[in-house]
Structures are given as structure tokens and as C-alpha cells.
Novice: 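Can you read through this structure? Questions will come right after.
In this chain, numbering begins with 1 at the start of the sequence shown.
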Amino acid sequence: MTKVAALVSGGVDSAVSVHMLKEQGYEPHLFYIKIGPDKDTEWNCTSEEDMEICRWLAMKYGCKLDVIDLHREYWEKVVGYTMEKARIGLTPNPDVMCNKLIKFGCFEDVVGKEFDLTATGHYATTEIDGEGRKWLCTSPDPVKDQTDFLCQINSLQVSKLIFPIGHMMKNEVRDIADRAGLLNARRKDSQGICFLGNIDFRDYIRRHLGDNPGDVRELETGHKIGTHQGLWFYTIGQRKGLGFGGGPWFVVKKNLKRNILFVSHGYDPEKVYKDHIHMTDFHFITAPFEDLDATQKITFKIRHTPEFLEGTLTKDSDGDWLLKAKNKIHGVAPGQFCVVYDEDHHRCWGSGEIV
């Protein structure tokens, strides 16, 4: 019998994934990955409630459940990455790195290697091409599609992954949970970064990096309109929670050397919008483009949204990738991942870090 490890979180998506696996005749072994803070932290985390739901789920379906403690690995690898990127003024994506390094990295090294397949509740699909290669593909639910959070996993990881609910819409998943009598059928989806519990990301950054005050200036005039407490508290395109008078303001640029945050009342297409995105260390998930010298038509995302943008991809003389967007876009944040798909936004090719 095929041995399946199923990652569960206490949420409805992973619970329905277990239900679907049982319906398909599998006998999954459930695993809850512990990545939260230590017990002595004062932060409020939902892990106890999550664990109770996972235990109930295991009993309902007659599955084994084990807790895999990877919180130290998480804090060393993912939190370390997050703080270093923020410190140098970039915009990190810890959820992408958690999937790459922890859920499908450390977990595979510790436990997953003993199983034929690993199942998760992600909204994504896979397909096998004529050469037997397995591709990461998008979900039919454009709002919930999570391939952009999986854009740094590798071909070996994809080859073992299955997504039991990846072909469904969110409302279908809720309906199945209702019919199956799952405790978390109407539980609210988790929001924010997984390792923080209910603590604010700005507060967490401040604990690690402190404050580093500098000028806030209007991009068009250069006039000082306030003081920021550290460039790491802001991201390009941000317009909420800035706290500067005379707004609304939008974050449009950072000068790291002079510690200046530039803001604007709006988006001036000539100064703020971009149609070129430079990427470094481009990571192909399954296979590279067949002709590296050709201009490749693609679709892409630079943030988690339902919309796919159109563009072309070429390689420059230094070996880095250059994306030319069909239409100018705003909010291009260095440090974030630009996630690249085929022309029909079906197969996820991979991603590169925006520079």
C-alpha cells in the first residue's frame, strides 16, 4: 500500500484533505509540525486549539498522529532569513521559505523520506508531462491559489506532493467539511505569518532589530514630511498604517545609504511604475526553458493576488533574468519573489528574487 504522510494544521483545508484521502482508499499518517514559539513565551498562539482539532481528526478517521517539533529549525532558517532581509531594507517572504525549508525540507529529512507521498491542504495541482516530469500547477480557485507560496520548492519535493483539495473551490471544501461533520468546518482561515501567533509583525521586527530613525520625504519635491523609525518597518507599495500627516501616502522608494523613506500621494507612472523587473538566483521548479536565449512569453505575480500579469522573460549577459511586463506595474519590492508561470498561467515555472 502507498504510504502517505498528511500534514495537518487544525484548519479546514488540511482536515478535508484527510477526508479526501480516506475516500480515495489511503490510510494517511497525520503529522502536525510545531514551528511556534517556546512554551514560556507571552505571545498568544493558537497551537493548543490546533492540536486538539488534529487529535480529534485522527480519532475520527482512525489515523496515527505525530507531532514533529521543527520550531528550532524554523527559527534558525526562516526567521533568520526574514530578519536579515528586513535588516538590509528588503521585503522578505517567510511563508515561501517555510514551505521550501521546513514543510518540505526539514520534514522530508526527518520523516517524509519514509513515505511515498506527502499530502497537504494547499490550493494547487500537479500534472505529469509526456517525459514523465511532474509540474506544479495552479488551482481553479484564483483567490485561494497558493502556487506563489510554493514557488521555491524543487522537483524532488514536487514529485512526492499531492494536493487532495487543490482542484476545488473554497466553498466546495467548506461544503464537504459540513457534510462530513468536521469540527472546523466553519473555522476562520488563519491570516498573517505562521510563526508570530497574534503578535504584530512590526512589533516582532522591533524586538529583533530595534529602531533606526530617518527622514520621510515626498518623492516629487524632496520635502521632509516626517520621521520613520526604521526602513525595515515598510514595504514598497504600502499605504496603510504609515501614520504620516497630510496623507494618504504611499511608500514608493527607500534610500538605504541615507536611511530615507520616500512617499508620494499617488503613483506617478514615470517615476514609480515599472515595466522591467530584474531577478537574481532564478529557481526553476521542474525544468528550465528549452531555449535560454529566446524571449519567452509568460505570466507572473509579484504579490499574492488573484490576477496574473503578462510579460516576457529573457536572460541578460550576467546570467540574471529580466522580466518585461506588458503593462507598467507598481509596488515592485526588492527582496520579494517574482513568480513566473507559463503563458496560460497553468504551470508554475519557478521564481526569482527581485533586485
Side-chain angles (χ1 to χ4, degrees), residues 1-33 50-51 53-68 95 98-100 102-105 107-108 111-128 134-151 153 155-190 194 285-286 346-348:
M1 178 179 288
T2 303
K3 295 178 64 177
V4 178
L7 303 186
V8 291
S9 64
V12 65
D13 296 330
S14 62
V16 173
S17 292
V18 172
H19 174 85
M20 297 300 296
L21 289 169
K22 292 290 290 188
E23 289 277 294
Q24 294 164 14
Y26 293 109
E27 293 296 331
H29 187 143
L30 312 189
F31 291 95
Y32 178 88
I33 299 178
D50 294 337
M51 273 302 306
I53 292 175
C54 291
R55 292 189 189 100
W56 176 88
L57 186 69
M59 290 181 61
K60 175 178 174 63
Y61 289 103
C63 300
K64 294 179 181 178
L65 170 66
D66 284 315
V67 177
I68 305 298
D95 292 321
C98 179
N99 285 324
K100 175 182 180 178
I102 305 301
K103 290 181 181 176
F104 312 125
F107 175 78
E108 174 67 19
V111 175
K113 61 187 178 184
E114 300 173 7
F115 292 82
D116 302 306
L117 298 170
T118 298
T120 76
H122 283 98
Y123 286 84
T125 60
T126 60
E127 69 179 16
I128 298 176
K134 194 172 183 180
W135 293 83
L136 175 68
C137 301
T138 52
S139 165
D141 189 330
V143 174
K144 297 301 294 182
D145 178 71
Q146 293 173 302
T147 50
D148 52 329
F149 291 129
L150 298 167
C151 65
I153 62 176
S155 58
L156 177 61
Q157 291 167 331
V158 172
S159 70
K160 291 190 63 175
L161 283 176
I162 53 174
F163 305 109
I165 65 165
H167 61 289
M168 301 179 187
M169 304 293 285
K170 181 69 180 195
N171 63 302
E172 295 179 86
V173 172
R174 293 280 188 193
D175 290 344
I176 290 173
D178 276 331
R179 293 196 298 271
L182 300 183
L183 283 178
N184 53 6
R186 293 296 157 182
R187 193 184 189 198
K188 187 177 179 180
D189 290 341
S190 61
C194 43
I285 297 175
T286 298
H346 176 59
R347 288 181 179 176
C348 181

Novice: To the nearest 0.5 angstrom, please state how far the CD1 atom of Ile128 sits from the OG1 atom of Thr286.
Specialist: 10.5 Å

Novice: How far does OG of Ser155 sit from CD1 of Ile285, to the nearest 0.5 angstrom?
Specialist: 9.5 Å

Novice: What heavy-atom pair brings Leu21 and Pro28 nearest, and what distance separates the two atoms?
Specialist: CD1-CB, 3.9 Å

Novice: Is there a side-chain contact between Ile165 and Met168 (heavy atoms, below 4.5 Å)?
Specialist: yes

Novice: What are the two closest heavy atoms between His122 and Thr120, and how far apart are they?
Specialist: ND1-OG1, 2.8 Å

Novice: Nearest 0.5 Å, what's the SG-NZ distance between Cys98 and Lys103?
Specialist: 5.0 Å

Novice: Under the side chain to side chain donor-acceptor pair (under 3.5 Å) criterion, do Thr147 and Asp145 qualify, and how do the steps go?
Specialist: CA-CA 6 Å; Thr147 50; Asp145 178 71; 2.7 Å; yes

Novice: Per the ring-ring contact (aromatic ring centres under 6.0 Å, His included) rule, what does the pair list look like for residues 164-184, sequence neighbours excluded?
Specialist: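 The answer is none; no pair qualifies.
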
Novice: Considering residues at least two apart in sequence or located in another chain, which fulfil the side chain to side chain donor-acceptor pair (under 3.5 Å) criterion with Glu108?
Specialist: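 Residues passing side chain to side chain donor-acceptor pair (under 3.5 Å) with Glu108: Lys160.
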
Novice: Would the Phe115 and Phe31 ring centres measure less than 6.0 Å apart?
Specialist: yes

Novice: Return the set of residues passing side chain to side chain donor-acceptor pair (under 3.5 Å) with Ser17 (not counting sequence neighbours), or none when no residue passes.
Specialist: none

Novice: Does the pair Val16 and Leu182 meet the rule for a side chain to side chain contact (heavy atoms under 4.5 Å, CB included), with working shown?
Specialist: CA-CA 8 Å; Val16 173; Leu182 300 183; 3.9 Å; yes

Novice: Kindly state each residue pair satisfying salt bridge (Lys or Arg N to Asp or Glu O under 4.0 Å) with at least one member in residues 24-33, sequence neighbours excluded.
Specialist: Lys22-Glu27

Novice: Going by ring pair (Phe, Tyr, Trp, His ring centres under 6.0 Å), name the residues that satisfy it together with Phe149, two or more places apart in sequence or in a different chain.
Specialist: His304

Novice: Is a side-chain donor or acceptor of Arg174 paired with a backbone partner of Ala185 at a separation under 3.5 angstrom?
Specialist: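 Yes, because the side chain of Arg174 sits within donor-acceptor range (under 3.5 Å) of the backbone of Ala185.
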
Novice: Mind listing the closest non-hydrogen atom pair of Thr125 and Gly166 along with its distance?
Specialist: CG2-O, 3.5 Å

Novice: To the closest 0.5 Å, what do you measure between CG (Asp95) and CG (Leu150)?
Specialist: 10.5 Å

Novice: The criterion is salt bridge (Lys or Arg N to Asp or Glu O under 4.0 Å); which residues satisfy it with Arg186, sequence neighbours excluded?
Specialist: Asp175, Asp178

Novice: Below 3.5 Å, can you tabulate the donor-acceptor pairs from side chains in residues 56-64 to any protein atom, sequence neighbours excluded?
Specialist:
from, atom 1, to, atom 2, distance (Å)
Lys60, NZ, Ala180, O, 3.2
Tyr61, OH, His19, ND1, 2.7

Novice: Quick check: do Arg187 and Ile53 have side-chain heavy atoms less than 4.5 Å from each other?
Specialist: yes

Novice: Looking at NZ of Lys113 and CG of Leu156, how far apart are the two atoms once the value is rounded to the nearest 0.5 Å?
Specialist: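 If we round to the nearest 0.5 Å, Lys113:NZ and Leu156:CG are 12.5 Å apart.
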
Novice: Distance-only check: which donor-acceptor pairs under 3.5 Å involve side-chain atoms of residues 1-13, not counting sequence neighbours?
Specialist:
from, atom 1, to, atom 2, distance (Å)
Lys3, NZ, Glu114, O, 3.0
Ser9, OG, Gly11, N, 3.2
Ser9, OG, Ser14, OG, 3.4
Asp13, OD1, Tyr123, OH, 2.8
Asp13, OD1, Lys170, NZ, 2.9
Asp13, OD2, Lys170, NZ, 3.2

Novice: With a 4.5 Å cut-off on side-chain heavy atoms, are Leu30 and Asp66 touching?
Specialist: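 No; the side chains remain at least 4.5 Å from each other.
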
Novice: Compare all side-chain heavy atoms of Phe104 with those of Leu161 and state whether any distance is below 4.5 angstrom.
Specialist: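 Side chain of Phe104 against side chain of Leu161, heavy atoms only: contact under 4.5 Å found.
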
Novice: Can you name the side chain to side chain donor-acceptor pair (under 3.5 Å) partners of Gln24, sequence neighbours left out?
Specialist: none

Novice: Does His346 have any side chain to side chain donor-acceptor pair (under 3.5 Å) partners at least two apart in sequence or in another chain, and if so, which?
Specialist: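 Glu127.
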
Novice: Distance from Leu65 atom CG to Tyr32 atom OH, nearest 0.5 Å?
Specialist: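 That separation rounds to 10.5 Å.
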
Novice: Phe163 versus Thr126: any side-chain heavy-atom pair under 4.5 Å?
Specialist: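 In short, these two side chains touch, coming nearer than 4.5 Å.
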
